[in-house]
Amino acid sequence: MTQSSAHQNALPAEAQFSNWCTQLIASDKGAFEKLFGAMSKPLYLYALRLTRVQPLAEDIVQEVFLRIWQRRTTLDPNRSLRALLYVSVRNLALSHERTQVNRQTLLAGMDQQMSTPSPEEAAWAKMLGNHIKEWINELPARRREAFQLSRFDGLGYGEIADIMGLSVKTVDNHIWKALQHLKERLAAYDTELLRS
Amino acid sequence: MKDQHTDLPSDNQLPAELEQRLAETPSDERIAIQKTWDLAILSQYADEDAVPDMGALWQNLAPNLDKELPKIKSDRAPRSRGRDGARRWRSVKIFAALATALVLVGSWFWLAVPQTFTAAHGEQLVVTLPDGSNVELNSGSRLEYRRPLLGWNRAVKLEGEAFFDVVKDTRQFEVTTFNASVSVLGTTFNVRAWEAESNPETAVVLVTGVVQLASFLAPDQGVTLKPGEMSRLSQGATRPSMPEAVNNPVIVWREGGLVFDELALVDILKSLERQYGVQVTTDAAPGVGIMTVFLESKPPIETVLDLICASMTCQIEFGSNGYRITLPENHNQ
């Protein structure tokens, strides 16, 4: 399987998910592999944002896909498969996080290592990207999560509300306030960035 | 991939709700927000470099796909052990004794005061409801219902944890907890709802049939569970979590086991007090020391406490007030 080289525009459309869902119910392994190919990366990134531990994020992605396949016949084509994938990642990630708290195995420095740009890729976008990442990390955890699901994963407000157990109104507020925060940081960094 | 870092991605489509907000925003501000939205994707690239080889992950996963799914323990399996039979018989006797006593009390009392059952600490209790449905109460749990007047409305109130085996009927059967209602027609399911815990929630695991879980705050925004799924509703939340499959629906307590699913130390100790009928105190703050414990049988209380303390390096003392668990200082910020 080759890794998709495109970024945001590689994300499959909603209709594609209900197709996959129907095919999965019919035990179509080819469709499952396509689903894995399209979604393993965004789900891995989501798991990584929640856990900040790379091997754990990999395990979570595997576990989620394994469960989906094992329970394929009980999938409901009327429920969003995409939301189900995200909510499964979320539940696993949060339960790991909670059980890890007292074992003190938190990997310090993981974050730093991830945000250090490699020298050959020190383009302006990369640098700005790292700044924006820091600014996003300043947001309260739930607001950050809602914003990232919207911006990076292309999920609708309704789906985010389902995944996080919030109302659509709250999701709307989180994303609006997240944008306000980022806008202020960007303006302070370089006002030119926000002009047309 | 590198060349794309210098360009903004082509797909910067805004969510419909955001478009709507922007339509009501002055133009300078609107452009600034739009630019912010566009630029925000750049931060994702920092993470994308850290993505491992998903092809290898697939190679790992593929051979495991057709392994058997762990079976949900069927609750319909005959309960053969004599201990259960005796317990059930004792419960029937308790029920009979209670019923006889109550008949002697005046009829106003009969109608006005709800029927309540409480499983003592260290005990479990089976209650048979007027419609023939069975409820197994876990230690320290309390069940309450109105006596039938003209037919029974199939509504009960639960504080704590219980397993329900509901007789099929055209009328709805409803369980209410401190924050939620669970409505069914005829199914088997487990409800866990301890209001006094650090993170109070109602958690429902469905074994057979169909149930609906909804918050009191938004009765129309409930979720429907299918067999093998669990949903949780935190205190103050309006919507239950989206139902998710549980590999092993945790109704271990019915089989004589002990299970704590991501509970804080104080809540685990409270549960142990209920299960063993002992006293356990601690200096741990609420929410501290969250852990998962899964034991298929119930060892002596000391063994359980040793197990817990081994993972947290806490100290156990035994005095006239029962057990006392003391945390090392750095654990209790």
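Proteins come first, then strands; the chains are lettered A, B, ... in the order of their sequence lines, and each starts at number 1.
Contact annotation for A:A83: both backbone and side-chain heavy atoms come within less than 4.5 Å of a heavy atom of chain B. A:V61 touches chain B through its side chain: at least one heavy atom from C-beta onward sits under 4.5 Å away, while N, CA, C and O do not. Heavy atoms closer than 4.5 Å to chain B are found in the side chain of A:L186, but not in its backbone. Contacts between B:E229 and chain A at a heavy-atom distance below 4.5 Å involve the side chain alone, from C-beta outward. For B:T25, the part lying near chain A is the side chain, with the backbone staying farther off; criterion is any non-hydrogen pair under 4.5 Å. In this structure, no portion of A:L155 lies under 4.5 Å from any heavy atom of chain B. In this structure, chain A has heavy atoms under 4.5 Å from both the backbone and the side chain of B:N60.
The neighbour count for A:K34 NZ, taken as heavy atoms of other residues, nucleotides or ligands under 6.0 Å away, does not exceed 12. Within a 6.0 Å sphere centred on CD of B:Q315, other residues, nucleotides and ligands contribute 12 heavy atoms or fewer. Within a 6.0 Å sphere centred on CG of A:D76, heavy atoms belonging to other residues, nucleotides or ligands number more than 12.
Within residues 17-24 of chain B, the residues having any heavy atom closer than 4.5 Å to a heavy atom of chain A are B:E17, B:L18, B:R21, B:L22, listed by residue number.
Top candidate by heavy-atom pairs under 4.5 Å with chain B, chosen from A:V168, A:L193, A:I163, A:D162, is A:D162. Of all the listed residues (A:R185, A:H131, A:K183, A:R79), the one sharing the greatest number of non-hydrogen pairs under 4.5 Å with chain B is A:K183. Of the listed residues B:S234, B:P243, B:S241, the one with more heavy-atom pairs under 4.5 angstrom with chain A than any other is B:P243. Of the listed residues B:A16, B:A237, B:A40, the one with more heavy-atom pairs under 4.5 angstrom with chain A than any other is B:A40.
Here the closest heavy-atom approach between residue A:R71 and residue B:P227 is recorded as NH2-O, 3.4 Å. Smallest separation of non-hydrogen atoms from B:L57 and A:Q62: CD1-NE2, 3.4 Å. Across all their heavy atoms, B:K226 and A:T74 have their closest contact at NZ-O, 2.6 Å. Closest non-hydrogen pair, A:L179 versus B:T36, comes out as O-CG2, 3.8 Å.
In this structure, A:L182 CG and B:K35 NZ are separated by 15.5 Å, a value rounded to the nearest 0.5 Å. The line from CG of A:L43 to CE of B:M54 is 8.5 Å long, rounded to the nearest 0.5 Å. Note that the CG atom of B:L61 and the OG atom of A:S40 stand 10.0 Å from one another [nearest 0.5 Å]. With values rounded to the nearest 0.5 angstrom, A:K41 atom NZ is found 11.5 Å from B:D53 atom CG. Going from atom NZ of A:K133 over to atom CG of B:L42 covers 13.5 Å, rounded to the nearest 0.5 Å. B:R239 contributes atom CZ, which lies 7.5 Å from atom OG of A:S167 (distance to the nearest 0.5 angstrom).
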**OP:** Kindly determine whether B:M242 and A:E159 satisfy side chain to side chain contact (heavy atoms under 4.5 Å, CB included), including the steps that lead there.
**Re:** CA-CA 10 Å; B:M242 218 170 120; A:E159 281 175 305; over 6 Å; no

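Ring planes of A:F147 and B:W37: perpendicular class, angle over 60° (limits at 30 and 60°).
Within the structure, salt bridge (Lys or Arg N to Asp or Glu O under 4.0 Å) contacts touching residues 263-272 of chain B (residues at least two apart or in different chains) are B:D267-B:K270.
A:F152 is listed as a side-chain neighbour of B:S43, based on a closest heavy-atom distance under 4.5 Å.
For the ring-ring contact (aromatic ring centres under 6.0 Å, His included) test, residues two or more places apart in sequence or in another chain that qualify with A:W20 are A:F17.
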Show me the side-chain donor-acceptor pairs of residues 23-30 of chain A shorter than 3.5 Å, one per line, residues at least two apart or across chains.
residue : atom : partner : partner atom : Å
A:S27   : OG   : A:R72   : NE           : 2.8
A:D28   : OD1  : A:G30   : N            : 2.9
A:D28   : OD1  : A:A31   : N            : 3.0
A:K29   : NZ   : B:D66   : OD2          : 2.8

